[in-house]
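By convention in this document, chain letters (A, B, ...) are assigned in the order of the sequence lines, proteins followed by strands, and residues within each chain are numbered from 1.
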Amino acid sequence: MPELPEIEAYRGLAQRALGRRIDAATFGDPRFARGEVSGPRLVRLLRGATLRTVRRHGKLLVFDLDAPPGGPAAGHRLGLRFGMTGSLLVDGEAALARLVFASDRPTTAWDRFVLRFSDGGTLVVRDPRLLGGVELDPDEAALGPDALDITAAQLRHALETSAVAVKTRLMDQRKVAGIGNLIADEVLWRASLAPQRRSSSLTTPDQRRLHHHLRATLDDLLQRGGAHLGDLMPARHPGGRCPRDGTELRHSTVGGRSSWWCPRHQR
DNA sequence: ATTGTGGCCTGCCCGC
DNA sequence: TGCGGGCAGGCCACAA
């Protein structure tokens with residue numbers, strides 16, 4: 001499922017779409033248009049525009065739009081979210097060979113948003129479950145520091161100011177952007193912290209360890225190519241044992257999300 | 001303001 | 001073999 005590493009791969013792929021004139025934008029499903037601006041208006045606005053730059057902020061992909069002087073798209077941004085099952089294709093090519101938990105059945109039935117370029121190529125958001133979406137001018141300021149370059153001080157601030165479970169805090173995109181359920185479990189497992197620990201109860205060494213493992217985990221997963229390639233992942237099922245010490249993992253809901261952790265070494 | 005809960009959405013998998 | 005229910009979780013609306 002798309003978390004930070006997947007969206008980072010999408011960003012790389014999206015570079016190929018930059019500078020190409022959009023002949024037509026279409027929604028395969030009207031529900032995929034999110035935010036204030038309606039799908040039809042978005043479609044009108046995008047016609048004739050180009051994607052000038054692309055960046056990733058957490059799990060959000062943002063394009064700066066270019067348009068003819070006075071064109072409706074001038075100065076606007078296009079935001080893409082991928083939910084749990086969304087993938088990006090440019091000119092029919094995917095960034096990742098296979099998205100875990102998403103079907104890889106070859107079909108265009110789930111093409112929820114399509115940009116057709118004047119050179120004949122396309123940019124497609126394919127999302128079976130419709131949990132992603134397209135939004136004009138997404139509120140980037142509402143997102144916390146990106147998990148990939150959050151500083152120790154920023155993380156400490158995010159943690160100290162709340163009594164919710166540390167896992168919930170890590171997954172709160174307004175506090176730290178880019179961490180989803182799988183990466184949260186992986187990072188906490190590596191940092192030896194129980195997911196339900198109160199965020200504000202972390203000691204300075206806890207915070208330091210968490211910051212270190214957050215960065216190290218993301219580096220590993222970026223290199224491996226997906227959020228599902230963590231060390232804990234193979235054990236994340238009933239009866240699964242901690243890859244570090246062999247203890248049977250515990251399972252419960254933390255912050256509304258299915259969570260797996262080792263009762264021996266995560267405290 | 002902060003925190004918790006449920007719904008959206010559909011594919012997949014299990015048990016009957 | 002088909003079917004129903006449970007589950008997956010990013011994000012958002014809403015309630016307390």
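- DNA chain B lies under 4.0 Å from no heavy atom of any residue of residues 140-152 of chain A.
- In this entry the distance linking CG of A/Leu61 with C1' of C/dG10 reads 16 Å, nearest Å.
- Between A/His57 atom NE2 and C/dC11 atom P there is a gap of 12 Å when expressed in whole angstrom units.
- When heavy atoms are screened at a 4.0 angstrom cut-off, A/Ser162 is found touching the sugar-phosphate backbone but no base atom.
- Rounded to whole Å, atom C1' of C/dC12 lies 14 Å from atom CG of A/Asp139.
- Each of B/dG4, C/dG10, C/dA8 was ranked by its minimum atom distance to the side chain of A/Met171; first place goes to C/dG10.
- Residue A/Met84 places its side chain closer to C/dA8 than to any other of C/dC11, C/dA8, B/dT10.
- In this structure, the nucleotide among C/dC11, B/dG11, B/dG4 sitting nearest to the side chain of A/Arg198 is B/dG4.
- Between the CZ atom of A/Arg174 and the P atom of C/dC12 there is a distance of 10 Å, given to the nearest Å.
- Considering only the side chain of A/Arg81, C/dC11 comes nearest among B/dT10, C/dC11, C/dG10.
- A donor-acceptor contact under 3.5 angstrom links the side chains of A/Thr203 and A/Asp206, judged on distance only.
- DNA chain B is contacted by both A/Arg169 and A/Arg112; A/Arg169 maps to the nucleotide lying nearer its 5′ end (nearest heavy atom per residue).
- Taking atom NE2 of A/His251 as the reference point, atom C1' of C/dA8 lies 10 Å away to the nearest angstrom.
- No option in A/Val37, A/Leu45, A/Leu46 other than A/Leu45 meets the side-chain contact (heavy atoms from CB on, under 4.5 Å) test with A/His76.
- Side-chain contact between A/Ser259 and A/Asp185 is present, with at least one heavy-atom pair separated by less than 4.5 Å.
- No hydrogens or angles considered: nothing links the side chains of A/Thr168 and A/Arg257 as a donor-acceptor pair under 3.5 Å.
- Among residues two or more places apart in sequence or in another chain, the salt bridge (charged side-chain N to carboxylate O under 4.0 Å, His left out) test is passed with A/Arg11 by A/Glu8.
- Listed nucleotides B/dT3, C/dC11, C/dA8 differ in distance to A/Lys59; the shortest reach to its side chain belongs to C/dC11.
- Nucleotide B/dT10 holds its P atom 5 Å from the CZ atom of A/Arg31, rounded to whole Å.
- Around CZ of A/Arg41, the count of heavy atoms belonging to other residues, nucleotides or ligands within 6.0 Å does not exceed 12.
- Using a 4.0 Å heavy-atom cutoff across all strands shown, A/Arg34 reaches no nucleic acid atom at all.
- Counting to the nearest Å, the C1' atom of B/dC13 and the CZ atom of A/Arg129 are 12 Å from each other.
- Atom CD of A/Glu3 is separated from atom C1' of C/dG10 by 9 Å (rounded to the nearest Å).
- Within the structure, a side-chain polar atom (N or O) of A/Trp110 is placed less than 4.0 Å from OP1 or OP2 of B/dG11.
- Distance from the side chain of A/Arg257 is smallest to C/dC11 among C/dC11, B/dT10, B/dT3.
- Figure legend: A/Arg250 and A/Trp260 shown without cation-pi pairing, the cationic atom not lying both under 6.0 angstrom from the six-membered ring centre and within 45 degrees of its axis.
- Residue contacts shown for A/Gly83 are limited to sugar-phosphate atoms, with no base heavy atom under 4.0 Å away.
- Donor-acceptor pairing under 3.5 Å is recorded for the side chains of A/Arg264 and A/Thr247.
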